[in-house]
Protein chains: 2
Amino acid sequence: MSAGARPTLRDVATQAGVSPAIASRVLNADPTVRVREETRERIQGVAKDMGYVPHSVARSLRGARTGAIGLVMHGLDSPINVDVLAGAQAACARAGYVTLLADAEQLAGDHSQLSAFLARGRLDGVILHSGYGEEDRLLEAITSSVPAVLVNSEDGRPVPTVRVDDAAAARLATEHLIELGHREIAYIAGPEGSQTSDRREAGYRDTLARHDLGGAVDVVHAGWSAGAGTTAVHELLRRPTLPTGLVVANAVAASGVLSAFRDAGLAVPGQVSVITIHDSWFLQHLSVALTAVRLPLQVLGATAADLLIDTIEGRSPVRDVAITEPAPELVLRRSTGPTSRR
Amino acid sequence: MSAGARPTLRDVATQAGVSPAIASRVLNADPTVRVREETRERIQGVAKDMGYVPHSVARSLRGARTGAIGLVMHGLDSPINVDVLAGAQAACARAGYVTLLADAEQLAGDHSQLSAFLARGRLDGVILHSGYGEEDRLLEAITSSVPAVLVNSEDGRPVPTVRVDDAAAARLATEHLIELGHREIAYIAGPEGSQTSDRREAGYRDTLARHDLGGAVDVVHAGWSAGAGTTAVHELLRRPTLPTGLVVANAVAASGVLSAFRDAGLAVPGQVSVITIHDSWFLQHLSVALTAVRLPLQVLGATAADLLIDTIEGRSPVRDVAITEPAPELVLRRSTGPTSRR
DNA sequence: TTGTATGCGTTATCAT
DNA sequence: ATGATAACGCATACAA
């Protein structure tokens, strides 16, 4: 055994004066094997002394499992998405899996990256949280090679799906504005085609309808970025009259909304109230501390991981999960207030 | 070949009527092998038709390489650290490596996670960007198993180190305030023991000294979080007199600083100017758009990756890298202005 | 120009 | 209670 080289199972077995087979079973605590207590201790002692570490690759080759889960994520420039990643990563780690991280856009755009990632034997499964643009392209390649779980996508897919209760969150946000007396409430949407944004829009429309405000539906398509929020406000400002309340689909976009109002000299919440979906540390530090509906994003990631792991380990036939616990929660700050107009 | 099972190299070889050895060498474009053009095409055709994907695990077991790099990161709740992660991830992917992500704190606190991550044969190397608390504990475990590169740590370590030019950034920030006429400038530091914060402090001290303001050195220890920034301001407010300018070690902490001033009713930059180190998308949306010194964080991550890959692939004896290109850059926004006092 | 044989480190099966 | 052996899929040294 040369200096840097780690000992193999055979090294341990030889040193302990037993066969590799016995050493393997003892070190893996195989319950079906009966060895003398003394032998067991000797093997374990030698393994510890020699600093034996199992060779994960040999193990995966022998068995079918790799103990690795792929996380294909998009938009890591947004803390919202990072929360999902963190939740998924932590849940995988707790369950004994390591996680491979890839960027959805890069993977979709570079075939060699995709095949390196999906190389046979590398992964036990994949969690896919991608922008709607990459999703279809990636999904087929992934599912043809390993089990997958989709985050925040439409259900009715060929793979299990996990999402938060977007509609409920939007309802809560819209209700809040209505309770404050607002009647002209616009929804600043995400990019066109985003299912997440569509579900929130549905909640917004629901709520207006239930309050006989169905005629006031007012949707402005923007995007997930701060710049998109700013652009949406500029669009609003070109109109003769402004809504009194805004439900913004996403906290990052809402940052841009607030800055645009500040730059335009409009008071929030004096002239316009703003509420957003998703909470994050930065909201209270924006130009006006931003009222939001908190959604359990880490739980979302963790649930996706748990569902995938159940699938991998042969449990649970659950297909689609909508997370209702913890429920969406209103986090009151300073960006919403009673309407001054009627 | 059953339904779900992917074909092996042997399946391809058999189907093409050649031996596995030839198939292997053709598919890997081994330059030392000379085969008939017709044979080559037949093998490649069959591989494509059957959807052959090399088995990464078998490959790693045979060779010594795994094509995987571990990213051990801390503080993914801060966009600053996520930038470093994104840079490293992208650079690894470009070079054909997949990346395993782990959280430094979790790894340091859970021995079974650590050994799963460092299992023999899993990784070709590790990039470690950890809080100063976990670093020492993790470093030994990691380096005893694979090559590593340290991000933003002190040089003179047993492993190669990469960092940005913290001192230069702090000098630039401090100079800026001095040029605006400030003479009482405090440094809001990171947590005690942080080398990154210490390097920035040195730059701050340098600059004061060079302007004969060495007597005005004023360091308040805080931390990297927004809450720490807020606390530091509360501490300042208990003093009889406030500095006119603040250099804050980190943009997230600076968010808390700005909010604390807003809540206390102090005007920024009217009564106190604030500049921070690190730029990020949210700075322009804070209660006052925050002036900052931009440091190339993605480049930092990418450089760490490149250095590690050089090491893995047997090139380059470079030990410690201080990134000077692109140089720290002043990003002027609204949180700094001429001092009103003298 | 192509084929055969071996071993990477494990674990499971079957024997003793 | 323990050991011998085979096999996972691939890449290489060597043979033909």
Side-chain angles (χ1 to χ4, degrees), chain A residues 1-2 5-44 46-47 50-67 115-116 119-122 124 145, chain B residues 1-2 5-44 46-47 50-67 115-116 119-122 124 145:
Chain A
M1 188 180 101
S2 72
R6 316 288 310 211
T8 74
L9 181 62
R10 205 169 40 208
D11 295 331
V12 173
T14 306
Q15 188 79 13
V18 297
S19 74
I22 276 298
S24 169
R25 292 148 81 184
V26 163
L27 292 176
N28 290 316
D30 179 343
T32 74
V33 76
R34 314 237 352 115
V35 293
R36 245 174 308 197
E37 189 54 31
E38 181 232 334
T39 311
R40 175 188 311 279
E41 282 167 8
R42 184 157 31 91
I43 294 172
Q44 287 170 336
V46 169
M50 299 180 79
Y52 171 72
V53 179
H55 196 294
S56 64
V57 166
R59 231 178 215 185
S60 321
L61 185 59
R62 181 64 238 268
R65 290 266 314 283
T66 68
S115 44
R120 220 154 26 110
R122 178 104 65 189
D124 289 337
S145 111
Chain B
M1 186 181 106
S2 71
R6 314 288 312 213
T8 73
L9 180 63
R10 202 164 47 202
D11 296 331
V12 173
T14 306
Q15 188 79 12
V18 297
S19 74
I22 284 297
S24 170
R25 291 149 82 182
V26 164
L27 293 176
N28 291 317
D30 179 344
T32 74
V33 75
R34 316 234 354 115
V35 293
R36 244 173 308 193
E37 189 53 30
E38 181 232 334
T39 310
R40 175 188 310 279
E41 281 168 10
R42 184 157 33 94
I43 294 173
Q44 287 170 335
V46 169
M50 300 179 79
Y52 172 71
V53 180
H55 196 294
S56 64
V57 167
R59 221 177 223 186
S60 318
L61 185 59
R62 179 65 237 267
R65 290 265 314 282
T66 69
S115 43
R120 223 157 21 112
R122 179 104 64 190
D124 288 338
S145 114

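The basis for the numbers below is simple: all heavy atoms, side chains too, and nothing from hydrogens, waters or symmetry mates. In what follows, every chain begins at residue 1, and chains take the letters A, B, ... in the order their sequences are listed.
Within the 4.5 Å cutoff, side-chain heavy atoms of B/R120 are placed close to those of A/T8. The shortest distance between side-chain heavy atoms of A/V12 and A/V18 does not fall below 4.5 Å.
Closest heavy-atom contact between A/V53 and A/R6: CG2-NH2, 3.6 Å. The shortest heavy-atom contact between B/R10 and B/P20 is CG-CG, 4.1 Å. Closest approach of A/L9 and A/Y52 over heavy atoms only: N-CE1, 3.4 Å.
Checked against side-chain contact (heavy atoms from CB on, under 4.5 Å), B/S19 has the following partners two or more places apart in sequence or in another chain: B/A21, B/I22.
Taken to the nearest 0.5 Å, the CZ atom of B/R40 stands 11.5 Å off from the CZ atom of B/R25.
Residues from residues 22-31 of chain B that place a heavy atom under 4.0 Å from any atom of DNA chain C, listed by number: B/I22, B/R25. Residues from residues 54-66 of chain B with heavy atoms under 4.0 angstrom of DNA chain C, sorted by number: B/L61, B/R62.
Along DNA chain C, the nucleotide nearest B/A21 and the nucleotide nearest A/V53 are compared for position; the residue whose nucleotide lies closer to the 5' end is B/A21.
Computed from coordinates, the A/L9 CG to D/dA4 P distance equals 14 Å when rounded to whole Å. As rounded to whole Å, 14 Å separates atom C1' of D/dC10 from atom CZ of A/R122. Rounded to an integer number of Å, the gap from CZ of A/R34 to P of D/dG3 is 17 Å.
OP1 or OP2 of C/dT10 has not a single side-chain nitrogen or oxygen of A/R10 nearer than 4.0 Å. At the phosphate of D/dC8, neither OP1 nor OP2 sits under 4.0 Å from any side-chain N or O atom of B/T8. Between A/Y52 and C/dT10, a side-chain N or O to OP1/OP2 separation shorter than 4.0 Å is present.
Checked by atom type and distance alone, the side chain of A/R42 pairs as donor or acceptor with a backbone atom of A/A16 at under 3.5 Å.
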